[in-house]
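Heads up: the structure comes next, in structure tokens.
Excluded from the calculations below are hydrogen atoms, water molecules and symmetry mates; all remaining heavy atoms, backbone and side chain alike, are included. What you are looking at is a predicted structure, and each value in this text was computed from that prediction instead of being measured.
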Amino acid sequence: MKNLFLTISLCLVGNILYPQWEYRAIDSMKQKWGDWNEPEWLRYFGLDAGDVDHDGLLDIVSGRYIYHQPKQEPANPWKRTVLDDNVDGIFILDVDGDPYADIVAQALPNMYWYEAVNRKGTRYVRQKIAEVPATSHINSQGFEKAQIIPGGKQELLIAGNGNVYLISIPENPVEMAWPTQLIGPNTSDEGIGVGDIDGDGDLDIACGRRPDGEEEPKILVWFENEGQFDTPWKDHYVAQTKHPIDRVKIGDLNGDGKVEIIVAEERYPGLEPDSNVLWFTRNNSDDAWITSTLTTQYSSNNLDVLDMDSDGDLDILTAEHKGEQLEVQLWLNDGNATFTKTVLDTGKENHLGAKAFDMDSDGDLDIIGAAWDNYRWVHYWKNRSKHEEADSLITQYQGKDHYVITTKAVTYYYDIAGGGFSRMLDKYGNDWIAFKQISSDYPQGAAGTFRGIPNMVYQGDDNGAGHPGFDQCTSWFEDGKLYSESVSKKWKWRWTFYDDHAQLEVLTTDPERNYWFLYEGTPGGKFKPNSYYFGSPTEGPVSKAPDFFKGEAQFQSLAWAYVGVKDLDVTFYMAHSTDTPKKGLISYLGNSEAGIQSKDGMTVFGFGRGETTNPLFNDIETFIIGFYPKAIRDQAEHHRFSEFLTTTLTKK
């Protein structure tokens, strides 16, 4: 799901993008394979990114090293974990569905699975999972993870001694063997492209093949996935290249619905700028392929193909492994496979790198790389294209400084000193919170000062932290996310904004005090309980109006809840991302002793609130608020909402 912080215009001049790339050296002291094992000259090939410590930021594996991205980067350094064995880490992925990080590494002919034994991903146990023939460089330079077999976990592709092997993750990866099958015979040890080449809905592969009597792969072939995984796949000739095929990617460059095969050539020793980056397009009339040249330059052992500028077409990212400038290059696509070159950096050598990931979860793609000649270096280019100084987002509301965050479906007003939302406007402009600086007496405050989200901290020195109107916090934007910390620094949380919802992650809590998560506001912009409906995992939609003032509040184990207005086609929801929900409440509070018949008031919906006004949470938790784009008027729509919410929680 697309992560939206704000709508920010990028600077475009003659189709060239200037997104303010900032370089970080993640490591300049990395050692090589040959420092522990023969051959002495051998470096590591692996480079991948994934969240090993579950903090919302991507970390890096390269060789036997894991690099942990700090929460406040670059002020804090990246910490490094060294695996106990001399292996080449090539994949970060979820192997067994538990909350501990998994890494797959090679030390051919052996393949290993490393599983973390702590949530920080700093200690691991090793299990051998497969055998793949060693290459002339011991380890492989061709490896990808992809959903080759429908359903289940991704499969692992790896090139070993001139063949491509498919490794499947079994249902029980600890007790069961990991099936390993030769699917691409007579190829090379270099890059593997993955994509639907024949348009039949499954993923095929493409790679280089060595001509008879030659040692280097100069024939491009693709292998057809026909749904059989116990025998080699049928191969198809594409073209012959001038120089060895190194990196291979597959993607639709011209938007015609058919994919191209993109190739970067290698040159060794690479003293001349005669290496090509090419793409091959299938001829409409027959099985022949048309060759197009993107550039000819020094050896380009780096390639990624993806939408770098978020304009809906695929761009090409590459970098020089040899040469005088060692350019990192972004080739922007106009949608018709006409490319414009932008040099993002120079002087930093890459090998099997220049890979794009959203490292900081701010909605744009960053770049990582690792070197061969200058093997001690691991690179990170941070993309600042979605960054904007927070000061420009500040406005006044109810006499307080607020950040205003606008997404496709919602406009949020966030009290900077309060650490909570005071307004939440739907696409029609209805304010579902409507905080106001009026009486704080009970129940009169239900018409103003009681309102807000998430209203976390109740009583104690930090009373009101997370509640608009209380000056108990400092708040700031960092990498597209909104952080708040209590003045005492005992509490800290982070908001991430998406198209139609926002996610709160509690990062630090006071071990001496519990908290809750509450929505107190005005569904549809007005207090009209008799026109509301609500729902929860146990029932819905429900039209009755439980009166908080009269003791009718509903308390139940609550994983999610929604509330809507009968004549409005949007529904507000809140969810607690947990397998063991605590007690929560659903009710309406009027601003007078008339209860829900009062002229004004608010909802009181929340998680972790007990019947004696006692907070129940004392640990790190995650919550979501958002708008479902429909009214929930019957049980069928209630079930559809439940399915929608499951998908939202899965993609967050």
Determine whether S598 and S592 satisfy the following criterion, side-chain hydrogen bond (donor to acceptor under 3.5 Å, both in side chains), listing intermediate values before the conclusion.
CA-CA 6 Å; S598 301; S592 73; 2.6 Å; yes

Working note: K355 + D304, criterion salt bridge (Lys or Arg N to Asp or Glu O under 4.0 Å); need CA distance, chi angles, decisive distance, verdict.
CA-CA 6 Å; K355 295 183 177 181; D304 211 346; over 6 Å; no

Could you check E637 against R640 for salt bridge (Lys or Arg N to Asp or Glu O under 4.0 Å), going step by step and ending with a plain yes or no?
CA-CA 5 Å; E637 193 63 45; R640 282 191 287 270; 2.9 Å; yes

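Taking the six-membered ring where the residue is Trp, Y519 and F572 present tilted rings, their angle falling between 30° and 60°. Between F623 and H576, the ring planes are parallel. Angles under 30° get that label, and only those over 60° would be called perpendicular. Between Y23 and H379, the ring planes are tilted. Angles from 30° to 60° get that label. Classification of the W432-F627 ring pair by plane angle, with boundaries at 30° and 60°, yields perpendicular.
Residues W381 and L344 form no side-chain contact, since every pair of their non-hydrogen atoms from C-beta on lies 4.5 Å or further apart. Side-chain contact between I453 and M574 is absent, with no heavy-atom pair separated by less than 4.5 Å. Under the 4.5 Å side-chain criterion, counting only non-hydrogen atoms from C-beta, W495 is not in contact with Y403. In this structure, the side chains of F517 and W493 stay at 4.5 Å or more apart for every pair of heavy atoms.
In terms of modelled atom types and a separation under 3.5 Å, the side chain of D59 and the main chain of V61 share no donor-acceptor contact. Y498 contributes no side-chain N or O that, together with a main-chain N or O of Q503, makes up a donor-acceptor pair within less than 3.5 Å. Between the side chain of Y533 and the main chain of I632, a donor-acceptor pair closer than 3.5 Å is present. Of the possible donor and acceptor atoms, none in the side chain of T508 sits under 3.5 Å from a partner among the backbone N and O of K492. Without hydrogens or angle criteria, T411 side chain to L425 main chain gives no donor-acceptor distance under 3.5 Å. With hydrogens and angles disregarded, no donor-acceptor distance shorter than 3.5 Å links the side chain of N383 to the backbone of D364. Looking only at distances, no side-chain donor or acceptor of Q554 sits under 3.5 Å from a matching main-chain atom of P546. Proximity of a side-chain donor or acceptor of N333 to a complementary backbone N or O of L314 within less than 3.5 Å is detected. Side chain of D358 to main chain of G363: a donor-acceptor pair is present (N/O by atom type, distance under 3.5 Å, no hydrogens or angles). Without hydrogens or angle criteria, S361 side chain to G56 main chain gives a donor-acceptor distance under 3.5 Å.
Side-chain contact check for S484 and Y414: at least one donor-acceptor pair (N or O, by modelled atom type) lies under 3.5 Å. T538 and Q556 share a donor-acceptor pair across their side chains, judged by distance under 3.5 Å alone. A donor-acceptor contact closer than 3.5 angstrom is absent between the side chains of Y413 and Q398.
For residues 521-531, no pair satisfies side chain to side chain donor-acceptor pair (under 3.5 Å), with sequence neighbours left out. Listed by first and then second residue, the salt bridge (Lys or Arg N to Asp or Glu O under 4.0 Å) pairs that reach into residues 597-621 are R451-D600, K583-E611, sequence neighbours excluded. Residues in residues 533-557 take part in no salt bridge (Lys or Arg N to Asp or Glu O under 4.0 Å) pair, two or more places apart or across chains. The salt bridge (Lys or Arg N to Asp or Glu O under 4.0 Å) contacts involving residues 626-635 comprise nothing, where partners must be two or more places apart or lie in separate chains.
In this structure Y562 satisfies the ring-ring contact (aromatic ring centres under 6.0 Å, His included) test together with H638, F641, sequence neighbours excluded. Judged as a salt bridge (charged side-chain N to carboxylate O under 4.0 Å, His left out), and not counting sequence neighbours, R513 has no contacts. Checked against side chain to side chain donor-acceptor pair (under 3.5 Å), D366 has no partners two or more places apart in sequence or in another chain. Scored by the ring-ring contact (aromatic ring centres under 6.0 Å, His included) test, Y483 finds W476 as partners (sequence neighbours excluded). Under the ring-ring contact (aromatic ring centres under 6.0 Å, His included) criterion, Y532 pairs with Y588, sequence neighbours left out. Remark: D94 pairs with K153 by the salt bridge (charged side-chain N to carboxylate O under 4.0 Å, His left out) rule, at least two apart or across chains. By the salt bridge (charged side-chain N to carboxylate O under 4.0 Å, His left out) test, E485 is found to be paired with K489, residues two or more places apart in sequence or in another chain being considered. Applying the salt bridge (charged side-chain N to carboxylate O under 4.0 Å, His left out) test to K71 and every residue at least two apart in sequence or in another chain returns nothing.
With salt bridges taken as basic N to acidic carboxylate O contacts below 4.0 Å, one links D471 and K400.
H501 and Y412 make their closest contact through C-OH, 3.8 Å (heavy atoms, listed as atom of the first residue, atom of the second, distance). Closest non-hydrogen pair, F477 versus I405, comes out as CZ-CG1, 3.8 Å. Nearest approach of N455 to P468, heavy atoms of both residues: OD1-CD, 3.7 Å.
Aromatic pair Y458/W516: ring centres closer than 6.0 Å.
Interatomic distance, OG of S488 versus CG of D461, reported as 7.5 Å (0.5 Å rounding).
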